[in-house]
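To start, the structure under review is shown below, and the notes come after it.
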Number of protein chains: 2
Amino acid sequence: MSQHRPPGAPERPVAVPALPDLPEATVARLPEYLRALHNLAENGHETVSSEWLATAAGVNSAKLRKDLSHLGSYGTRGVGYDVALLIDQIEYVLGLTQRRSVALVGVGNLGHALAGYDGFATRGFRIAALFDADPVRVGEEINGLVVQHVDELSRVATEESIAIGVIATPAAAAQRVADRLVAGGVTSILNFAPCVLTVPDGVDVRKVDLAIELQILSFHEHRKASQTALPAAGEAALPPLPGNLAATNPQEAIGT
Amino acid sequence: MSQHRPPGAPERPVAVPALPDLPEATVARLPEYLRALHNLAENGHETVSSEWLATAAGVNSAKLRKDLSHLGSYGTRGVGYDVALLIDQIEYVLGLTQRRSVALVGVGNLGHALAGYDGFATRGFRIAALFDADPVRVGEEINGLVVQHVDELSRVATEESIAIGVIATPAAAAQRVADRLVAGGVTSILNFAPCVLTVPDGVDVRKVDLAIELQILSFHEHRKASQTALPAAGEAALPPLPGNLAATNPQEAIGT
DNA sequence: AAGCGCTTGTGAAGACACGCACAAATCGCG
DNA sequence: CGCGATTTGTGCGTGTCTTCACAAGCGCTT
């Protein structure tokens, strides 16, 4: 959350023209800008140019300006962007002006780590409840929270108005957990289980699969290796290490 | 890896026309197809239609067919795709016919979980070495591997020909770690630290930021909330609970 | 052997995203 | 007060990704 607005102040001092509907690609980059802006703010910067911010976020400056222009114009020509104002603006659009409660299901290997990950707390989220299906784990206390049985999931989610759920269970259990989350009123799910979830319309699912990321890297390894190893192949014209053009610049590599 | 080819058999029985250069979006989906295919194979399916596989992978069938067509055509009209053949094909393209060694740096909260995550091992990767900067952690044994000091990183990576590195350190240390990985000959990096890495051309970086995923979900929560709060907007209330489609959808048949 | 139903592979069109390049706006300075 | 340096905001061309729709191909049945 922004430390630039006193806690008691109204949520949004500057009028915002409703919620603009942003391109999905832009939405995915806003959190990155936000992180860079917080870094700048901590270092005492009050304004920042698009060039600077873009470099800090790993994108090119034209893209950054276009992204920000979708929020309405908040820069000053010849000067740059007001860091504090931009932070407020982005946090408002992302819905981070209220701390959001998250239910974490599955306190195994990964879930345990997520429960202790302070990156959530520092960026606007509060893990409000932990669940697991294993009776041995139920009752265990992690970071001040007691693990509850997954049968309680729907009830607790409803009672505490939890809107976001994180699934860190084995794949076999993920769909059942998702159903219970939905039944408990959850409308956004972050899924770490390697499987596809079926959810009703109106529920958003994002998937993070750690092995898939490695497999994508593996592909690029394979491609790089086959390029250097086969000078005689059809693509003979390619120099030993073309430093494949746009494909390996930071933007693309970082892109979701 | 595929269990459909005897361990001793030559790596690639069927000739593959060099490495086609695939659209990046396609590459990102191939691992998902692969996972679905392995599920099908375990359940004894020998062929699969694009419609079925697409549903299992969470994409639409036209996209799936176009993706697969980039690998060369391996389907039979009127029948579908040969599951075992397609698995081999995708694993070859992704470079998964050889088990790849990975160095994991940062054995804190998240790194510890990653070191114990069996999803890596089961999908073609071997964590070959663990590193940390904290002397207290050096020497600790995790899953049969001893944590080494990060100063050894470049040397060990070179000696063991490790091509992929995973960074699970705090953001402040990530760039230094990346530099050492590169110095050790690593050409692919999976970065869990919330920061942008600068690497030479020819090195691929993928970033996974857990908090960013939540922030993107938060945006959609915010948007949904502002829509329902304003009944004047075109979209009336969503139907209460559409329920899951038919009981005969591919997901269930696959039985993750 | 011919016909029929099913499924793949792909051309073409549309949607989206990206990056260049420049006009418009602002500030600081003489 | 005016001018030049700087930086934003954006129109536009380009390339990539997605989706539709259908011809071509395959196997099964009669």
Side-chain angles (χ1 to χ4, degrees), chain A residues 17 20-30 32-33 36-37 40 45-83 85-86 89-90 93 216 219 244-256, chain B residues 17 20-30 32-33 36-37 40 45-83 85-86 89-90 93 216 248 250:
Chain A
D21 55 340
L22 310 170
E24 198 57 33
T26 296
V27 173
R29 283 187 293 264
L30 287 180
E32 197 72 45
Y33 303 155
L37 284 165
L40 286 165
H45 295 72
E46 299 196 346
T47 64
V48 63
S49 74
S50 66
E51 198 76 43
W52 193 268
L53 182 54
T55 304
V59 302
N60 99 16
S61 65
K63 184 151 50 180
L64 177 121
R65 287 199 299 276
K66 188 152 288 187
D67 283 343
L68 294 187
S69 77
H70 286 122
L71 315 184
S73 295
Y74 282 83
T76 310
R77 299 178 187 217
V79 178
Y81 297 89
D82 181 295
V83 172
L85 182 61
L86 200 48
Q89 181 65 10
I90 294 179
V93 169
I216 295 171
F219 166 80
N244 36 9
L245 324 164
T248 52
N249 70 45
Q251 271 97 295
E252 311 244 337
I254 283 172
T256 60
Chain B
D21 56 342
L22 309 170
E24 195 59 33
T26 295
V27 173
R29 283 187 294 264
L30 288 180
E32 196 72 44
Y33 304 155
L37 284 165
L40 286 165
H45 293 70
E46 298 196 346
T47 64
V48 63
S49 74
S50 66
E51 196 76 43
W52 195 269
L53 181 55
T55 305
V59 303
N60 93 21
S61 66
K63 184 151 50 180
L64 176 117
R65 286 200 300 276
K66 185 148 287 188
D67 283 344
L68 294 187
S69 78
H70 286 123
L71 314 184
S73 294
Y74 282 85
T76 310
R77 299 178 187 219
V79 178
Y81 297 90
D82 181 295
V83 171
L85 182 60
L86 200 47
Q89 181 65 10
I90 294 179
V93 169
I216 295 172
T248 61

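Every chain is numbered from 1 and lettered A, B, ... according to where its sequence line falls, protein lines coming before strand lines.
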- Quick one: do the Tyr33(A) and Asp67(A) side chains pair a donor with an acceptor below 3.5 Å? yes

Every protein N/O lying under 3.5 Å from an N/O of nucleotides 19-21 of chain D:
| unit_1 | atom_1 | unit_2 | atom_2 | d |
| --- | --- | --- | --- | --- |
| dT19(D) | OP2 | Asn60(B) | ND2 | 3.2 |
| dT19(D) | OP2 | Lys63(B) | NZ | 3.4 |
| dT19(D) | O4 | Lys66(B) | NZ | 3.0 |
| dA21(D) | N6 | Arg65(B) | NH2 | 3.4 |

- Note on the structure: Which of dG9(C), dC18(C), dG9(D) is nearest the side chain of Ser73(A)? It is dG9(D)

- Message: Does any part of the side chain of Phe219(A), heavy atoms only, come nearer than 4.5 Å to the side chain of Leu22(B), both counted from C-beta?
- Response: yes

- Message: Please determine whether a side-chain nitrogen or oxygen atom of Thr76(A) lies at a distance below 4.0 Å from atom OP1 or OP2 of dT26(C).
- Response: no

- To the nearest angstrom, how far is Tyr74(A) atom OH from dT10(D) atom P? 13 Å

- Any side-chain N or O of Tyr81(A) under 4.0 Å from OP1/OP2 of dG9(D)? yes

- Query: Any idea which of dT7(C), dC17(D), dG9(D) is nearest the Ser69(A) side chain?
  - Reply: dG9(D)

- Task: Indicate, yes or no, whether a donor-acceptor pair under 3.5 Å links the base of dT8(C) to the side chain of Arg77(B).
- Result: yes

- Compute the bend angle of the helix from dA1(C)-dT30(D) to dG30(C)-dC1(D) from the end axes (five pairs per end), rounded to 10°. 0°

- Query: Hey, which of these two, Ala25(A) or Gly78(A), hits DNA chain C nearer its 5' end, going by closest nucleotide?
  - Reply: Ala25(A)

- Query: Just to confirm, is there a sub-4.0 Å distance from OP1 or OP2 of dT7(C) to any side-chain nitrogen or oxygen of Ser50(B)?
  - Reply: no

